Amino acid sequence: MAGQISNFIDGWKSMFVGLGITIKRRRMSKATYFYPYEKPTLPDRWRGAPMLKGVMGDGSTGTEKFPNVLGEFNATIESRKKEGKLPQCVYSCPAHVDARGYVELIAEGRFKESLDLIRERCTLPAAIGRVCTRPCEEGCRRNYFDEPISVRDLKRFAADTCMNMSHPDPIPKTKDKKIAIIGGGPAGLTAAQDLAKQGYYVTVYDKNPQGGGTLLTGIPKYRLPKNVLKWDVDAVCALGVDLKTNVEVGKDIPLIKLIDSYDAVLIATGLPAGYTLGIEGEDAEGVWPCLELLKQMNFDNHPKIGKKVAVVGGGNVAMDGARTSLRLGAEEVHLVYRRGRAEMPARYEEIHESEEEGIIFELLTNPTRVIVKGGKVAGLECVKMGLGEPDASGRRRPEPIPGSEFILDVDTVIPAIGQKMDLSFLEGIDIKLSDRGAIIYDKLTLQTSNPKVFTAGEVVTGAGAAIQAIASGHEAAESLDRFLRGVDLKEGRTPQVMPKLYNYPRVPVEWIEPERRRAHMKAIPLEKRLKGFTEVELGFTEEEAVREANRCLVCDNENCSGCAMCARTCPMHSIEVERTGPQETERKVLKYNVDLTKCLFCGQCAEVCPTKALVMSKDYENSEYSKEKLFYDIERVLRRDSAKIEL
Amino acid sequence: MLSSAELLNFANSHGIPLWAMDAFIAALIALGLFAAMGLGFMVQVYMERKVSAGLQLRYGPIYVGPKGSLQLVADALKFITKEDVFPSSAEPWIFRLAPVVMFAAAFLGLLVLPFGPGLVAKDLNVGLIYVLAIPSIGVAGVIMAGFGSKNRYAILGSLRAAAQMISYEVPRSLSLIGIIMIAGTMRLSSIVDGQGIWYIFLQPLGFLVFFVATMAELNRTPFDLAESESEYVNGYHTEYSGMRFGFFFFAEYMSLFAAALLTAVLFLGGWHGPGPVILAPVWLLIKVFGVIYVLMWVRWTFPRFRIDQVMDLGWKVLLPMALVNILVTGIIMSV
Amino acid sequence: MSKLEEQKLPDKLPDSLLEREFEIEELKSRPEDTIVSQELTINIGPHHPSTHGVFRAIMDMDGEIITRIEPVIGHLHRCFEKIAENRSYAQFMPFTDRMDYTSAMLNGWAYAMAVEKLAGIQVPERAEYLRVIAGELNRAISHLMTYTFSGLEAGAVTPFFWWFEERDKLLDLFEEIAGARMTFNYARIGGVSGDAPDGWFDRVRDFIKTLRSNLDEYYKLLFGNYIFKKRMKGIGVISAEEAIRLGITGPCLRASGVNYDVRKADPYSIYPRFDFEVPISYKGDNYDRMYMRFLELQQSLRIVEQALDQIPDGPIMAEGVPRLVCPPPGEVYAHVESSRGALGYYIVSDGSPKPYRVKIQAPSFGNLQAFTSMVVNNYFADVIMIFGTFDPCFGEVDR
Amino acid sequence: MSDDINLDEGQNEEMPGGVKIIREEGLGYTLTVKREDLLKAAAGLKEAGFDLFKFISGVDYPDRIKLVYRVFSTKRQNRFGIFMKTEVPKSDPIIDSLVHIWPAANWHERETYDLYGMEFKGHPNLRRIFMPDDWVGHPLRKDYSDDRMIVGPFNLVADSSKKES
């Protein structure tokens, strides 16, 4: 009975507690408002109906170009990057060549203007167009859908088509300052071109018979023919640069004389020498340092090598050395590399082509001794290696496996394990050197301890792609210009924007339909390649180049380029896009229609739009739309008339 | 109201037969009550919406008229203009008569209820029994609605409502015996006169039982088993629409007003309140709308009982409490 | 002949559905005074206030007691599995929100996790944390929804409107990161679609504080209420073996005493970093099923708070994930603890950008089947209450 | 999830013909069984403590239909699930029902019948569950398509715009 009474009382008590709660809630603030009209502010990621900001070829302003204005170029690149208007291809290139710009000019058929735009930032277009490691293609947005645009080959096409045209006319000398540049490599020539454009007297000293630096000596002829390089160098000299070849500073002219007679000096000597293996028997006859071999081959005095060759090293230089020795008559070429295939620094295409040409890869082996018989090389003793933990550079440290020595019977050994700078001409000059023999310089202004002397190129940045040397050449030009104008070097100067390499997403090729595929460069057949030093890749025809250039999505220019990537990703297939064909020069979007009856407002099309023209407007879903407004034709999509949307 | 003497000589002087005179006056009073109830209906609907909105963190009607006041006119118009669907399978006459019976039962209940010291249609000396007996005819209306509309939900709903209304008649009546014992009479106006101290303080248990039983009688939560949305989709008036449903709605709110008036009269001392006599009806109305507010407040707080729990509560809890109340009152009065 | 045009009763159903003529001869053989009662067949149609979606049940009722139930589902069947086979992996993402529309974030997350497992994509830390925060908040609100819906079914309308209040505040938060209020489409393969705008985390903390302070009021109003207890306690009791036999997962299984929560049994994503308990009780009646949800709601808020403290900076999308994801051929299964149980995706891929087969394991499908086979011999009012505590979401049941 | 499958000796005999549970990448523990001894394997699993039935997924290959069952064990302390795979030639899609072992499989089998046309011998109430009863065809078959599909099967790669780079 007692339980029942307490239960009875609890029951009634809970009634009054309930009443108390409801009455207390009366005065609570009401968050609900009259949706959607009274909603104070719509968050910026609010997904209304998809809407285009602008369309290409319909009275829209052209895409923005990035000319090389000496002082402000770094500043414009950095500000565009912040606003999100910098396309990835321009961002990924160390020298920020305006890839989007010149590809679009090619698409419109204006090849000469395209070449001029390339020349702004890349001084040797034909050469770089053949040898560059393509960082721009790694950043291309088209990787997300199928295959990137072949930007490097288009650069080469632009240079090749304008090769028969005349060189640019010289620039009048307005300033009476004289600049000496030691080393006619990519860095030196870039600085020379920029300073010549400013009207300075520029003289370049180079010890090789022809300008081009490592591009001349290090790159074999089948990849970069010498007449093409010569055309490029002449184009730079035509601007008024005085190039003195076969003059070695330090031997023919002492550096101290240059520093006194010129107002400023730029050291851009690059990395001519190679590291030695440091193993016993290295000075025997038949051991060719790789760079030396490539240099002799490039100067056509046909170095004689034996039948069986062993190239030591895994970089691009080693690949070139191996393929050159094949062309110089070697039957059997072994490539000896300490680490595994994944850790090889050479480019993927290089490794692939050398395998095609029949080079035997001796991976995970390290040479320990050169067997010498009568002063000549008779074999190379190597040891098998096992891979341990990754070292500082992230590559796994190789440890020799005891007792696994074996002998490669070869008669020529070509060490190619890295390049070294040659600063012999600096004796007696008061330029401070670091304990390891490198020049001490200011990272931002590239100035050495002697205020009149600057450095640029691989001599300071270390081995890398040619385009990196060109980028530091531009920096040096800006410093020199400021130095000669007496302006403080550091004040108001934005450092160069260093690109971050993208993790290259690969879409498997078999799922991409043929006409969306990337135009691949045709090459001469395999047997003809080994015969002589004719160039392997044949370049694009005009029709191929324009078609490839039209594949470009013209990223981040806030005007729809009709690439139909949004139509591909729309789950409900409610977007219809039509643009002018790939061959017509004038690119126009003929029809753009979003069928709002099918659209889910899921926002994936706006996310994927490479040009950032398609955005989700603030229209409140279909509550706003009557039946006939539901078909969003081009006029409506551009929403020029409804002032309601402020974007 | 008018004393009967003046009426008589007025009738004779104009040669109107007596019965015609009474009929005319009755019609006049009925019309007055109907108008009052119409106005009360609108106010109650508006109040219901606003109170429930308040409790549920909503705004309630705002658009129609200043602060939503014209919403009640809109509701009334809605009932009148809506199409009056007549289901083909329904029994024609039972279906049509059900709302009339419900409405009549509720309307007759008002005859005895005083609105002020003299303002009562017919001050019967057995007013209390009358007021308890007549509204229970409404049960017949409910059953007629349920079976008339041949809809399974309606049948089940009406059976539930009937069971509930009948079984709560008993505790409701017994809880008032305490008052009769104290007041000594069953004439409502004299009960109000006798309430120096409000009967709620004298009869707390009685008030509690009466209040809960009234809620059950009116089919309001926590006892609205009849038209529970989640189970029987509006119970017995599922098939009704338009003005017929309007009558049901009108009947419901009228019986709500009548029950609140009865509670005010019996327990809260009718029109007793400070200030001159002319203010009496105002006090009464304030108390009535106070009771209505509590009823609505309860409605929007509590969940619903299950039908067998309702029966248990009715017979096993409220009835004994009513009897105990009578016992206690008897002991106290005899001492 | 589509389902919509012609609502013909399936004629193969047992004859009790049709208006049963009373067998006259059988009546004659009875003595006069026996009361003849006839079972009433009632059709809780697809459109009914308390069916949580489009569920149709044809019940035979003897008075108030249900004697037989015949469920008919499939009204909301859009065959997502067929749609998935015609779309690329990224294109199917918005459809996952249309399954369990009350906790859409968890669906997208499960699907994305399955594809990432298949394609071997590593999701960055911040994206994992954002997914946990969004998922747990969504779970909390959908648990609160089930709790207040059962109040609505029992007749108490007020807590239902309070829940709208809380949900509206949460949807404002989700609007800022995902851009929509119900079909968020927030998860992406390899990460999430939007980073949290600045100040968003503090707003989430405020939201949790207010929700937590309101929780004891919700508790007292419904659970504390005598009437609600009478309606919930001891009704629809399911033992542990019975629950497992019928294939229930989620809070309803934990209410019967089986401790199975995917977040603890097979910890996915970054759940091992949070400490939270899985509430469990043993009576297995309506009250416990609802109480489990109430406790889980509080645990979810705890997880969100821990996630808010530990969230690192960094990218929100894995790098190098192409839009046209082509995972290698193979099979994968990934499951998530959604608000209604274990939600899993079984994907077979043949290397092409389109999945070869996507099977969605919906927890509500199993729960609904368990409901229909255990509900007989209850009051009709209790059937509605038990249905409320199972709370199947019909976008998920019918797929 | 612990790696070792410590199925006690008692259960191993029931397993038909020494079929071993392997750990497949991406799926976890799987058990591939021939069609005939599906019932034996299922009984063995039930005996081994796998009692919570999760789902059946049919997969429509050109010549055969693969059925994947997923069962979870709440009894075993390390708590994991197992996939059971069988294959049925397209010519006679008949397999014995598992309702008597796991009653929860009832609706899942009806769904597989509805969408794939798989006959389950011994199922108490094999009717369509999603589609109306007189529906023609089984939707999830690869060769099935009707005019009602919102967006017809399309070649993902050829998108809607005609002239396109």
Side-chain angles (χ1 to χ4, degrees), chain A residues 7-8 10-15 17-22 24-25 28-33 35-36 39-48 138 141-146 500 502-512 565 568-573 600-604 606-608 616 621, chain C residues 83 87-88 90-95 97-98 156 158-159 161-162 164-166 168-169 171-173 175-181 183-185 188 193-195 197 200 210 214 216-218 220-230 318-326 328 351-354:
Chain A
N7 181 325
F8 174 82
D10 291 351
W12 287 100
K13 198 159 69 62
S14 71
M15 294 294 166
V17 162
L19 288 175
I21 291 173
T22 35
K24 188 165 74 62
R25 292 285 289 225
M28 261 184 71
S29 70
K30 295 181 180 55
T32 356
Y33 26 71
Y35 186 80
K39 185 149 175 67
T41 57
L42 277 180
D44 52 10
R45 198 169 289 133
W46 168 259
R47 295 202 301 260
E138 304 240 338
R141 278 296 289 265
R142 206 156 171 141
N143 283 317
Y144 283 96
F145 307 107
D146 29 55
K500 178 177 76 57
Y502 277 83
N503 176 347
Y504 191 82
R506 276 201 175 65
V507 176
V509 171
E510 66 272 17
W511 298 108
I512 304 165
M565 288 310 162
R568 272 171 69 103
T569 43
C570 173
M572 298 300 285
H573 307 286
L600 294 177
F601 300 98
C602 65
Q604 291 195 201
E607 231 168 74
V608 102
M616 300 308 276
E621 296 178 350
Chain C
I83 290 177
R87 281 180 176 46
S88 79
Q91 278 177 334
F92 183 62
M93 188 55 82
F95 290 96
D97 299 335
R98 269 100 178 142
T158 323
F161 282 97
W162 296 346
F164 255 113
E165 199 67 35
E166 307 295 343
D168 229 55
K169 288 189 208 126
L171 291 190
D172 288 351
L173 293 176
E175 219 175 39
E176 287 175 36
I177 49 169
R181 293 182 73 83
T183 54
F184 307 115
N185 193 6
R188 288 286 176 277
S193 68
D195 202 343
W200 190 73
T210 48
N214 295 345
D216 53 12
E217 270 178 13
Y218 280 103
K220 280 207 218 89
L221 184 69
L222 272 184
F223 269 161
N225 194 305
Y226 174 73
I227 304 171
F228 197 70
K229 268 193 217 151
K230 268 178 85 71
E319 225 181 79
V321 176
R323 201 75 211 175
L324 202 67
V325 179
C326 298
S352 77
K354 292 194 269 190

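Every chain is numbered from 1 and lettered A, B, ... according to where its sequence line falls, protein lines coming before strand lines. This is a predicted model, so every value here is computed, not measured.
The two residues A:S14 and C:G224 make their nearest non-hydrogen contact at CB-O, 3.3 Å. Across all their heavy atoms, A:I21 and C:L221 have their closest contact at CD1-N, 3.8 Å.
Within the model, atoms CD of C:E175 and CZ of A:R45 stand 11.5 Å from one another, a figure rounded to the nearest 0.5 Å. One distance of note links CD of C:Q91 with CG of A:L600; it measures 10.5 Å at 0.5 Å rounding.
Among A:G20, A:C570, A:G18, A:G603, the residue making the largest number of heavy-atom pairs under 4.5 Å with chain C is A:C570.
Using a 4.5 Å cut-off between heavy atoms, C:Y218 touches chain A through its side chain atoms alone. In this structure, chain A has no heavy atom under 4.5 Å from any part of C:L222. Of the atoms belonging to C:T158, it is side-chain heavy atoms, and not backbone ones, that fall under 4.5 Å from chain A.
Under the salt bridge (Lys or Arg N to Asp or Glu O under 4.0 Å) criterion, A:E607 pairs with C:R188, C:R323, not counting sequence neighbours.
C:F184 is not listed as a side-chain neighbour of A:R47, based on a closest heavy-atom distance of 4.5 Å or more. Between A:D44 and C:E176 the shortest side-chain heavy-atom distance does not fall below 4.5 Å.
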